[in-house]
Number of protein chains: 2
Amino acid sequence: MAVGKNELPKFNVIDGLRLGVACAGIKKENRKDLVIIEMALGSACAGVFTQNAFCAAPVTICKQNLTNSIAQSSAAYLLINTGNANAGTGEQGMADAQECCRALGQETGVEDVAILPFSTGVIGETLPVEKITKSLSSALNNLSPDQWSSAAEGIMTTDTRPKGAAATVSYAGHTLSFSGISKGAGMIKPNMATMLAFVATDAKLSDELCHSLLTELADLSFNRITIDGDTSTNDSCILIATGSASAPQIEANHPDFPAFKATLKQVLVDLAQAIVRDGEGATKFVTVSVEQAKNKEEALETAYTIAHSPLVKTALFASDPNWGRILAALGRSPIPDFDLSKVAVYLNDVCIVEQGGRSASYREEDGQAVMDQHEILIRVVLGRGGHTETVWTTDLSHEYVTINADYRT
Amino acid sequence: MAVGKNELPKFNVIDGLRLGVACAGIKKENRKDLVIIEMALGSACAGVFTQNAFCAAPVTICKQNLTNSIAQSSAAYLLINTGNANAGTGEQGMADAQECCRALGQETGVEDVAILPFSTGVIGETLPVEKITKSLSSALNNLSPDQWSSAAEGIMTTDTRPKGAAATVSYAGHTLSFSGISKGAGMIKPNMATMLAFVATDAKLSDELCHSLLTELADLSFNRITIDGDTSTNDSCILIATGSASAPQIEANHPDFPAFKATLKQVLVDLAQAIVRDGEGATKFVTVSVEQAKNKEEALETAYTIAHSPLVKTALFASDPNWGRILAALGRSPIPDFDLSKVAVYLNDVCIVEQGGRSASYREEDGQAVMDQHEILIRVVLGRGGHTETVWTTDLSHEYVTINADYRT
């Protein structure tokens with residue numbers, strides 16, 4: 001099951017970037033499972049990665065190769081496989097990932113350090129290196145700038161649908177384009193190695209701005225989604241700026257910069273929310289907004305406490321406006337000197353709690369009308385300060401248990 | 001469903017303590033739902049309570065009345081009802097709880113401050129004061145020292161079975177007795193107002209030692225169980241020491257004190273584990289032990305991260321020895337400078353992870369043999385220090401979702 005719209009957007013061609021897709025037979029025959037993304041010389045490239053201490057071999061290599069920015073004396077490449085996460089594989093896993101990079105370097109004539117590997121799939125099984133290296137030429141042979149849809153399919157694991165986002169924005173009188181794809185029903189399934197996102201723009205960005213924008217905006221998009229609190233060994237998000245557009249280099253003090261940044265943020269948010277909407281077993285798309293917090297930390301911790309509460313999540317699944325569970329979750333949020341008498345809670349526009357207790361105006365049928373919808377906003381007003389944070393999550397359904405209990409059997 | 005043994009123990013009579021049970025019709029007719037526990041003048045009494053900021057009215061009153069110790073110019077009483085938690089009820093809830101105390105005070109001729117109220121059941125509904133006050137005489141009329149089993153039934157909410165523990169220990173040549181009861185399938189259901197435990201001994205304890213022992217040992221028992229991370233508005237644990245035994249007053253420097261303390265701890269651990277074994281939807285009883293941690297905090301946080309992981313819990317439900325999920329949970333535990341190469345993980349005696357990766361000796365069938373059992377030990381050896389902590393939890397089953405999604409419908 002999945003919540004909300006199902007169509008891929010009309011992707012924009014990003015000059016300087018080509019995508020190639022192949023069926024390497026890693027998991028199943030005749031299934032797209034190998035994607036190569038080529039970026040032209042001069043592109044800026046930045047990445048953010050999982051914080052999980054057990055990060056996978058490809059993540060370690062990506063981080064190394066991106067230490068400054070990607071080394072480019074020619075084109076550079078992303079090499080992505082599904083079906084196997086190459087995680088929990090120790091030194092063999094590192095050697096395998098390096099061998100895949102070396103093979104692609106030989107095929108394309110670039111140095112290994114200009115290649116970033118990504119893997120997603122089952123944890124703990126050896127990477128099928130030969131299947132990957134044998135299919136490199138097939139993927140390289142169909143490199144094309146308009147294969148975004150095919151690539152969106154090629155990075156899927158247990159996702160029920162491909163995920164993409166696209167946008168344009170005007171900058172200094174020129175049109176700039178964005179395209180991006182993501183995968184990660186497996187967000188809730190570390191075994192399937194979780195979330196990957198690849199976003200490209202034809203804007204010209206310095207390495208520093210590319211990195212700082214991605215870091216800031218990934219925190220407001222991919223770091224604001226949660227399905228069950230479990231994080232993966234392989235999460236990676238990459239931003240490539242080819243600089244092929246005729247617009248001047250993006251500068252943070254340009255009057256059009258805010259619009260550029262907002263557009264990039266929306267692309268990342270769309271890709272992140274698409275992962276939640278396709279969360280395994282998801283029947284609801286839930287926005288948890290915590291307002292009037294003293295600072296970012298308490299706003300986020302409160303939002304996550306509610307978003308991770310199995311009792312709140314099962315109530316959402318049941319379409320039950322069970323305000324007691326939201327209050328109980330709120331009550332165990334790590335807020336110092338919590339004055340409950342100032343708290344208000346809303347389901348969409350319906351006030352269910354005010355002054356720390358059930359709202360006098362609240363009628364169960366009003367709460368029920370909100371809970372019957374597929375997209376729900378839980379808004380918590382703390383009355384402690386001026387900070388607001390928002391996270392997105394799903395309900396906890398029977399299908400979640402079924403999928404995660406039956407996965408390996 | 002519930003895991004493990006189902007019988008109540010043979011309770012010990014605790015001289016100086018009597019229990020009375022009545023059917024007040026709070027939720028259903030002819031169901032035991034009102035329990036009064038009377039302690040004789042001179043008893044020591046201590047309590048520990050929920051940390052949830054939204055604590056219920058009776059918890060607030062209990063804390064007030066226990067500020068120093070319970071005020072006794074005569075007997076003192078615990079007044080416990082099920083069927084209604086009197087939580088989220090605001091000022092009305094406080095007034096209602098006080099009225100019940102006042103009524104019991106009038107019936108028994110003791111001051112209100114010598115009465116501790118406890119409520120467990122649905123959150124957010126007004127306490128049916130009249131039903132309770134009308135049934136006080138019925139409960140008082142059958143006060144008796146050997147009603148532990150009946151009282152264990154009288155405090156149940158959605159528990160599938162009553163819970164009790166009993167023990168004796170020798171102290172200075174005299175036998176001391178313990179009896180205790182608990183409830184809390186609702187641990188995983190704050191709506192049902194969760195965990196209550198009442199433990200009594202005929203030992204003579206100073207107020208200070210009674211309080212410090214309960215605080216220390218509740219932390220090692222009730223604060224070590226978790227079903228879904230949600231805490232309740234009404235959690236309460238009470239220790240009463242009537243001092244009626246012929247043994248001298250308990251002193252912390254007496255050679256028999258360690259045995260006394262260990263016995264009391266075991267009673268509390270038995271009562272706490274009984275709650276986990278009866279956790280809603282539980283098909284497994286899981287011990288998570290984290291060894292060689294640098295300190296208590298990182299040991300506990302690591303244990304809870306594993307115990308709360310929905311992916312680990314669904315794997316337990318599926319009897320799937322999915323070591324990747326345990327590693328992934330471990331990897332997101334908040335441990336600074338985590339050196340994975342020192343980590344080992346065992347399922348019972350089977351080493352599944354060593355030096356941070358899948359153990360070379362591990363065979364899937366060995367892991368499967370452990371996971372097929374109903375009682376499972378997940379042992380994590382961090383290799384960072386000398387601290388060990390243990391928590392107890394359950395799996396995450398379809399029945400958990402069913403119970404918590406269908407609860408109010």
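Atom set for the values below is all heavy atoms of this structure, side chains included, hydrogens, waters and symmetry mates excluded. Convention: sequence-line order gives letters A, B, ...; per-chain numbering from 1.
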Could you list the residues that satisfy side-chain contact (heavy atoms from CB on, under 4.5 Å) with A/Val380, not counting sequence neighbours?
A/Val290, A/Ile306, A/Leu330, A/Val345, A/Ile378, A/Leu382
With a 4.5 Å heavy-atom cut-off (strictly below), which parts of residues 88-97 of chain B touch chain A? List them by number.
B/Gly88
Polar contact flag, side-chain donor to acceptor under 3.5 angstrom, B/Asp395-B/Thr283
yes
Pairing donors with acceptors under 3.5 angstrom, does anything connect the side chains of A/Thr393 and A/Lys313?
yes
Heavy-atom nearest pair, A/Ser397 first then B/Val401, reads C-CG1, 3.9 Å
How far apart are the closest heavy atoms of A/Val391 and A/Ala307, and which atoms are they?
CG2-CB, 4.0 Å
Could you check which of A/Ile335, A/Thr314, A/Val343 has the highest count of heavy-atom pairs closer than 4.5 Å to chain B?
A/Thr314
Rounded to the nearest 0.5 Å, how far apart are CZ of A/Arg384 and CD of A/Gln292?
11.5 Å
